[in-house]
Amino acid sequence: MRRMKRCCLLVIYNILLIPILLSQNHYENEMDCFITDLMERMTLCEKLGQLNLPSGGDLVTGSVMNGELSDMIRKQEIGGFFNVKGIQKINALQHLAVEESRLKIPLLVGADVIHGYETIFPIPLALSCSWDTLAVERMARISAIEASADGINWTFSPMVDICRDARWGRIAEGSGEDPYLGSLMAKAYVRGYQGNNMQGNDEILACVKHFALYGASESGRDYNVVDMSRLRMYNEYLAPYKAAVDAGVGSVMSSFNIVDGIPATANKWLLTDLLRDEWGFGGLLVTDYNSIAEMSSHGVAPLKEASIRALQAGTDMDMVSCGFLNTLEESLKEGKVTEEQINAACRRVLEAKYKLGLFSDPYKYCDTLRTRERLYTAEHRSSARTIATETFVLLKNDHHLLPLDIKGKIALIGPMADARNNMCGMWSMTCTPSRHGTLLEGIRSAAGDKAEILYAKGSNIYYAAETEKAATGIRPLECGDNRQLLDEALRIAARADVIVAALGECAEMSGESVSRTNLEIPDAQQDLLKALVKTGKPVVLLLFTGRPLVLNWEATNVHSILNVWFGGSETGDAVADVLFGKVAPSGKLTTTFPRSVGQLPLFYNHLNTGRPDPDNRIFNRYASNYLDESNEPLYPFGYGLSYTDFVYSDLQISSETLPKNGELTVSVTVTNKGNYDGYETVQLYLRDIYAEIARPLKELKGFERIFLKSGESRDINFVITENDLKFYNSGLEYIYEPGEFDVMVGSNSRDVQTKRFKVE
């Protein structure tokens with residue numbers, strides 16, 4: 001009877017699915033016919049023009065209506081542009097393409113909409129620490145609504161590169177070190193940006209980047225070499241890219257680095273064999289900024305040959321270098337590329353425009369009414385504030401110093417306390433910082449007349465002026481006399497009951513092209529913090545950062561540490577919400593905090609060695625450890641405290657054996673035994689004890705983010721199947737092997753309960 005019921009359901013499902021498939025086939029046939037007809041009327045030069053993506057330069061120079069760009073648009077020598085902000089400018093450029101060109105082909109309009117457009121959300125690394133995929137999807141949805149209302153139809157996001165080395169500045173732009181969590185975040189971004197297949201005028205084309213392995217650059221130095229085995233690629237780094245492809249991402253950006261000795265931009269195995277053939281990606285493939293031209297610096301090929309190799313590898317669109325536009329016609333005549341290869345690339349560019357609806361309505365994203373109504377709205381700002389509170393990670397809270405009572409005198413001290421243009425962090429060029437509140441304003445607003453908020457800047461970012469200038473970059477902070485700043489801070493601190501220190505990195509100290517070898521809080525701020533602690537008054541450190549920092553002294557000597565990352569345009573109010581207990585912190589780290597730069601790269605899901613360290617508290621000769629430092633991190637992956645206390649019951653498993661094609665349930669009861677309501681993220685990890693190849697000590701395979709009121713309990717059940725056990729073996733087959741496994745559940749990757757089971 002059950003089998004008959006299943007068959008009936010299958011028949012009904014297929015009947016319901018048929019109209020959807022027919023509709024999809026009809027749409028694809030219409031698109032194919034339209035583009036085929038268009039391409040038959042295009043000249044070679046016009047086809048090559050579609051492969052050309054120059055920068056408008058607006059976000060840098062302030063003007064895009066230059067004669068050269070306008071002439072290129074009229075001659076259809078570009079397929080799109082980026083770095084232009086403002087509906088009027090974009091509308092004018094789109095008008096040139098549609099009204100003053102021969103074939104009236106509309107333009108793609110790209111931008112780095114990374115964590116918001118005018119309403120800025122926390123940086124992506126912070127967003128991942130919410131462990132809230134719905135919040136990330138909401139962020140991307142709002143970003144698409146705002147960007148599309150200002151003429152943008154293509155975002156160069158999400159960045160899904162796995163990174164295990166905090167020296168790399170672009171760790172701030174990704175979702176941390178774990179491929180499972182990174183995959184879920186990648187899908188959330190794609191869903192948010194593209195919405196209902198980009199049918200609406202507030203849905204835009206997403207671009208997953210950087211394909212591939214960019215986060216593993218040697219020494220954590222940006223643009224540097226990457227070298228790893230295929231086995232490691234498949235098991236540790238590729239999953240988030242594939243997840244984005246599976247979610248239907250419309251475009252992919254190749255990375256700057258080499259893969260197997262070949263620049264990713266020209267790596268046929270990577271771009272065609274893997275991305276297109278193995279994963280089935282059929283969308284638009286664009287290079288990163290000038291990366292075809294940079295193949296010369298790699299020592300691989302000058303521009304003309306690099307363009308040939310990039311096209312042959314599967315690249316469709318050339319960002320900035322103009323190699324396709326200026327060299328491929330000659331290469332075609334010489335027989336070094338084929339017309340079929342050029343046509344294939346051109347078709348994919350045109351398909352992206354068709355899927356965006358630009359051929360049916362070239363001005364779909366040029367509605368000035370939406371510009372007035374949908375940018376930086378109260379609703380969007382409220383979402384940004386709420387989401388920001390989810391990303392803050394409480395690293396330490398001795399004697400329950402936090403949340404602070406709103407009473408007495410509170411000293412807010414530090415260079416990030418009143419730094420309006422530094423709250424949003426990297427990749428936030430499209431915002432207007434003058435409209436954002438500062439941390440000082442947010443705390444004073446929350447305190448009202450119940451407490452006196454004292455303020456002093458306290459220090460510069462660095463002592464050295466040149467280092468300060470390099471660190472602050474395009475968002476400079478006003479510099480003062482170091483001695484005078486410290487003296488003022490100590491006078492303010494002397495009057496206060498409690499000290500809140502707003503310190504760490506400034507916005508330009510993480511992101512692209514800002515690798516660091518010293519990951520401590522900068523020198524001037526360290527001395528300020530030590531002087532504040534020396535007063536004997538309770539000190540709360542509000543840590544601003546775009547990466548893990550080395551916080552050994554701070555973890556030992558400061559009473560409370562709340563990592564607020566860079567929280568976006570609503571940082572001031574969001575921090576106040578958590579600081580004063582309106583919201584309990586719930587963030588959990590998605591990146592490991594080291595004790596020393598010498599430990600890097602450092603990550604929780606590492607392989608074991610043949611000589612593991614038996615005791616991290618002491619040095620053990622002939623074990624895999626350091627003479628001068630423990631192997632253990634300062635704060636592990638998944639770590640994050642709350643104002644309340646979550647207590648876990650004993651771990652239970654439904655069976656000691658997972659049968660073939662069966663399932664096994666893992667259960668734990670979580671109780672909020674503290675005095676505050678709050679969120680807890682319950683984490684499940686697995687370890688394959690013996691396998692054909694060495695497997696990680698533990699891997700995240702599930703989690704549940706739950707809200708518990710004070711005194712409330714909830715039973716949490718995880719169901720394990722064979723799919724949770726699979727990995728790529730030495731033949732790159734995706735399989736599982738029967739044998740013993742450990743299942744672990746806890747509040748972070750270190751503090752877990754463990755049970756062992758067998759798999760048939």
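Taking the side chain as every heavy atom from C-beta outward, Tyr189 and Val136 approach each other to under 4.5 Å. Contact check for Glu329 versus Thr327: no side-chain heavy atoms found under the 4.5 Å cut-off. At least one side-chain heavy atom of Leu285 sits less than 4.5 Å from a side-chain heavy atom of Leu275. A heavy-atom distance below 4.5 Å is not found between the side chains of Lys209 and Ser251. Counting heavy atoms from C-beta on, the side chains of Asn729 and Phe727 come closer than 4.5 Å. Within the 4.5 Å cutoff, the side chain of Val190 has no heavy atoms near those of the Glu137 side chain.
Between the side chains of Ser128 and Ser175, no donor-acceptor pair of N or O atoms lies under 3.5 Å. In this structure, a donor-acceptor pair under 3.5 Å is absent between the side chains of Trp565 and Thr545. A donor-acceptor contact under 3.5 angstrom links the side chains of Tyr223 and Glu512, judged on distance only. No side-chain N or O of Asp688 forms a donor-acceptor pair with one of Tyr736 less than 3.5 Å apart. In the model, Asn748 has no side-chain atom that pairs as donor or acceptor with a side-chain atom of Lys588 under 3.5 Å. In this structure, a donor-acceptor pair under 3.5 Å is absent between the side chains of Thr592 and Tyr635. There is a side-chain donor-acceptor pair under 3.5 Å between Gln50 and Lys353. There is no side-chain donor-acceptor pair under 3.5 Å between Ser291 and Asp288.
The pair Asp246-Lys187 fails the salt-bridge criterion, with no side-chain N (NZ, NE, NH1 or NH2) lying under 4.0 Å from an Asp/Glu carboxylate O. Taking a cutoff of 4.0 Å between a charged side-chain nitrogen and a carboxylate oxygen, Arg170 and Glu173 qualify as a salt bridge. Salt-bridge check for Arg138 with Asp132: failed, with every basic side-chain N at 4.0 Å or more from each acidic carboxylate O.
With hydrogens and angles disregarded, a donor-acceptor distance shorter than 3.5 Å links the side chain of Gln194 to the backbone of Ala206. With Arg276 contributing its side chain and Gly283 its backbone, the two residues share a donor-acceptor pair below 3.5 Å. Gln312 places no side-chain N or O within 3.5 Å of a backbone atom of Val337 that could act as its donor or acceptor partner. Distance alone, capped at 3.5 Å, is enough to place a donor-acceptor pair between the Arg516 side chain and the Asn518 backbone.
Residue pairs meeting the side chain to side chain donor-acceptor pair (under 3.5 Å) criterion with at least one member in residues 694-704, sequence neighbours excluded: Arg695-Glu699.
Taken to the nearest 0.5 Å, the CG atom of Leu51 stands 8.5 Å off from the CG atom of Leu325. Taking CD of Glu203 as the start and CG of Asn197 as the end, the distance is 8.0 Å to the nearest 0.5 Å. Remark: Ile171 CD1 to Arg164 CZ distance equals 10.5 Å, nearest 0.5 Å.
Evaluated for a ring-ring contact (aromatic ring centres under 6.0 Å, His included) with Phe211, the options Tyr237, Tyr241, Phe256 yield exactly one hit, Tyr241.
The distance between the ring centers of Phe603 and Phe637 does not fall below 6.0 angstrom. Ring-centre distance between Tyr604 and Tyr685: below the 6.0 Å cut-off. For Tyr214 and Trp168, the ring centers are positioned less than 6.0 Å apart. In summary, the aromatic rings of Trp427 and Tyr117 are positioned with their centroids too far apart to meet the 6.0 Å limit.
Figure legend: Arg547 and Phe593 shown without cation-pi pairing, the cationic atom not lying both under 6.0 angstrom from the six-membered ring centre and within 45 degrees of its axis.
Not counting sequence neighbours, Thr517 has no partner by the side chain to side chain contact (heavy atoms under 4.5 Å, CB included) test. Legend: residues meeting ring-ring contact (aromatic ring centres under 6.0 Å, His included) with Tyr354, ordered by chain and number and at least two apart, are Tyr27, Phe34.
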